[in-house]
K.L.:
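Dumping the structure here so I can ask a few things about it.
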Amino acid sequence: MVTALELNHVWKKFHRGEFHDSLRDAIPALVKSCVGLGSQKSELAEKDFWALQDIDFKVEEGERLGFIGHNGAGKSTLLKILSNIIAPNRGSMRVHGKLRALIEIGAGFHGDLTGKENIYLNGAILGMTKKEIDRNFDSIVDFSGIEAFLNMPVKRYSSGMAARLGFAVAAHLDPDILIVDEVLSVGDIQFQKKCLGKMNEVANSGRTVLFVSHNISAIRQLCHRSILLDHGKTLADGPTDEVIKQYLGMTESQSKLSLAERTNREGNGNARVTAILSGSNLSDLSPSGFTDMGGSLYIRVKYDCIREITHPVIAVSIWNMTGEILLLNMTTSLTEKIPRPLRGQGYVDFQIPFQPLVTGEYLFSVGIYERENDETRRLIIVDHILNAGNMTVYEAPFQPMSAIRTPPGVCVAPFTWCQSNDS
């Protein structure tokens, strides 16, 4: 086999430096550093941290390698090194062939330019020549699905339309090695399926794909091999199913901590989820709730705001124990929105009158987001926690639909049969 890319014992260090916004603050700091050299060095050492520690792996030509890990595990730093955005402090990287990265979809879009003009601008930023863009132009437009708006300024696009156009351009790169970072979550469900199909097409064409995502299902579908990162170190490197199992074991240990102690969270911190409770009715809500198959399900998300969240969106997803998302409930999914800003401490309740999951154990992930304004659908992450809670679904022996006991699959639904005899 031909090696497409290799990292040799790569280390990357960052410094948690102090920022001085005026000359008045900077001069005393400079004098202090000159006078107390010994103590300053020890303080400096405490502020240094290794984002990556001794990362060493090879990727063979045509291989599909996934990277998973909690927030802060080092995935973004690794991608920047692989993309030649930053250099390591130690170690080296060798690349055999042309490498392109799908990291920031729509990077370089100019709001005053039309969609057509931005295709050429964004393509050039991503390293495509004008001839390549001309050759792929019709395919890019067709893939994006926004042909009717192609001559409209991008500043009038919704965030979903801009994301679709950005991915459509990036998806038509023709590298030997493609790096993909969390871009399969753009657009609606149908477009996400289209994106994943495109990535499969790229991988099946014999090109090398490096894929970073929190979407375990996408990692499992796209990658044969995965690497698990934790605090800058490689914890596991092997078949994807085995690595995912180890990762889920890590998130399970996190779930034993209170939400206040969690490290597997991301967001700007303007509000924090303090608890997620569930149960079959409001009187029996608990952190490890339970309900019957086919029964009702209540989910309560408690929060504590540091500042007012003006246009809030709250989401709860339900996962099975193998890391697949089964249900996603958002306050913007249908017509209902949270009518008032989030302030101080409070909670939001979801109710699913008929929860369709079969018997078993399930996990919750929860997020608080904020829309930029009341018109846009673009969301800013305020607080998001994977595996924030769990629940158990039991059999309901007195309900007609459970007469089969636990049926195969993951969901159940009310149904009727109708028979017609030929005369």
K.L.:
Working to the nearest 0.5 angstrom, can you tell me the gap between I86 CD1 and I81 CD1?
P.N.:
4.5 Å

K.L.:
Does the S144 side chain pair with the main chain of V141, one donor and one acceptor, at a distance under 3.5 Å?
P.N.:
yes

K.L.:
Kindly say whether E132 contributes a backbone atom to a donor-acceptor pair with the side chain of N136 at under 3.5 angstrom?
P.N.:
yes

K.L.:
Does the S278 side chain pair with the main chain of Y298, one donor and one acceptor, at a distance under 3.5 Å?
P.N.:
no

K.L.:
Do F67 and F57 have ring centres separated by under 6.0 Å?
P.N.:
yes

K.L.:
A side-chain contact here means heavy atoms from C-beta on lying under 4.5 Å apart; do L229 and L235 qualify?
P.N.:
no

K.L.:
Is the backbone N or O of F290 less than 3.5 Å from a side-chain atom of T392, with the two atoms forming a donor-acceptor pair by type?
P.N.:
no

K.L.:
Rounded to the nearest 0.5 Å, what separation is found between the CD atom of Q246 and the CD1 atom of I244?
P.N.:
12.0 Å

K.L.:
Going through the distances and angles, do H9 and I55 end up as a side-chain contact (heavy atoms from CB on, under 4.5 Å)?
P.N.:
CA-CA 5 Å; H9 303 286; I55 303 298; over 6 Å; no

K.L.:
Under the rule for ring-ring contact (aromatic ring centres under 6.0 Å, His included), what residues qualify as partners of F364, not counting sequence neighbours?
P.N.:
none

K.L.:
Under the 6.0 Å and 45° cation-pi test, does K155 pair with Y157?
P.N.:
no

K.L.:
As an exercise, state the distance from CG of L7 to CG of L78, rounded to the nearest 0.5 Å.
P.N.:
6.0 Å

K.L.:
What's the spacing between L327 CG and I318 CD1 if we round to 0.5 Å?
P.N.:
5.0 Å

K.L.:
Any donor and acceptor pair, going by atom type alone, linking the side chain of N89 with main-chain N or O of K13 inside 3.5 Å?
P.N.:
yes

K.L.:
Give a yes or no on whether the backbone of W11 and the side-chain of Q53 come within a donor-acceptor separation of less than 3.5 Å.
P.N.:
no

K.L.:
Within the 4.5 Å heavy-atom criterion, are I219 and I68 side-chain neighbours or not?
P.N.:
yes

K.L.:
Do the side chain of T291 and the main chain of G279 share a donor and acceptor less than 3.5 angstrom apart?
P.N.:
no

K.L.:
So how far is it from K58 NZ to L5 CG, rounded to the nearest 0.5 Å?
P.N.:
11.5 Å

K.L.:
Side-chain contact test, heavy atoms from C-beta onward, threshold under 4.5 Å: evaluate it for D237 versus I227 and give yes or no.
P.N.:
yes

K.L.:
Kindly indicate, with the supporting measurements, whether the criterion side-chain contact (heavy atoms from CB on, under 4.5 Å) is fulfilled by V59 and T3.
P.N.:
CA-CA 6 Å; V59 186; T3 299; over 6 Å; no

K.L.:
Would the number of heavy atoms belonging to other residues, nucleotides or ligands and lying under 6.0 Å from CZ of R156 be above 12?
P.N.:
no

K.L.:
Would you say the side chain of R272 lies within less than 4.5 Å of the side chain of R265, judging by non-hydrogen atoms?
P.N.:
yes

K.L.:
Is the number of heavy atoms from other residues, nucleotides or ligands under 6.0 Å of R307 CZ greater than 12?
P.N.:
yes

K.L.:
Any donor and acceptor pair, going by atom type alone, linking the side chain of S296 with main-chain N or O of S280 inside 3.5 Å?
P.N.:
yes

K.L.:
Counting C-beta onward and ignoring hydrogens, is there a side-chain heavy-atom pair between L342 and P312 closer than 4.5 Å?
P.N.:
yes

K.L.:
Once you measure the plane-to-plane angle for H172 and F143, does it fall in the parallel (<30°), tilted (30-60°) or perpendicular (>60°) bin?
P.N.:
perpendicular

K.L.:
Mind checking whether Y369 and H384 have side chains closer than 4.5 Å, heavy atoms only?
P.N.:
yes

K.L.:
Check whether any side-chain heavy atom of I119 sits under 4.5 Å from a side-chain heavy atom of I133, and report yes or no.
P.N.:
yes

K.L.:
Would you say OH of Y120 has more than 12 non-hydrogen atoms from neighbouring residues, nucleotides or ligands within 6.0 angstrom?
P.N.:
yes

K.L.:
Flag yes if more than 12 heavy atoms outside E60 fall under 6.0 Å of its CD atom; otherwise flag no.
P.N.:
yes

K.L.:
Set out, in order, the CA-CA distance, both residues' side-chain angles and the distance that settles side-chain contact (heavy atoms from CB on, under 4.5 Å) for L99 and D176, then state yes or no.
P.N.:
CA-CA 6 Å; L99 182 148; D176 301 302; over 6 Å; no

K.L.:
Within a reach of under 6.0 Å around CZ of F149, are more than 12 heavy atoms found that belong to other residues, nucleotides or ligands?
P.N.:
no

K.L.:
Distance from E308 atom CD to E370 atom CD, nearest 0.5 Å?
P.N.:
8.5 Å

K.L.:
Okay, side chain of R225, backbone of P239: is any donor-acceptor separation there less than 3.5 Å?
P.N.:
no

K.L.:
Just wondering, are more than 12 heavy atoms of other shown residues or ligands nearer than 6.0 Å to NZ in K98?
P.N.:
yes

K.L.:
Closer than 3.5 angstrom, by distance alone: can the side chain of D230 be matched with the main-chain N or O of A73 as a donor-acceptor pair?
P.N.:
no

K.L.:
In the structure I gave you, are the side-chain heavy atoms of L277 and K302 within less than 4.5 Å of one another anywhere?
P.N.:
yes

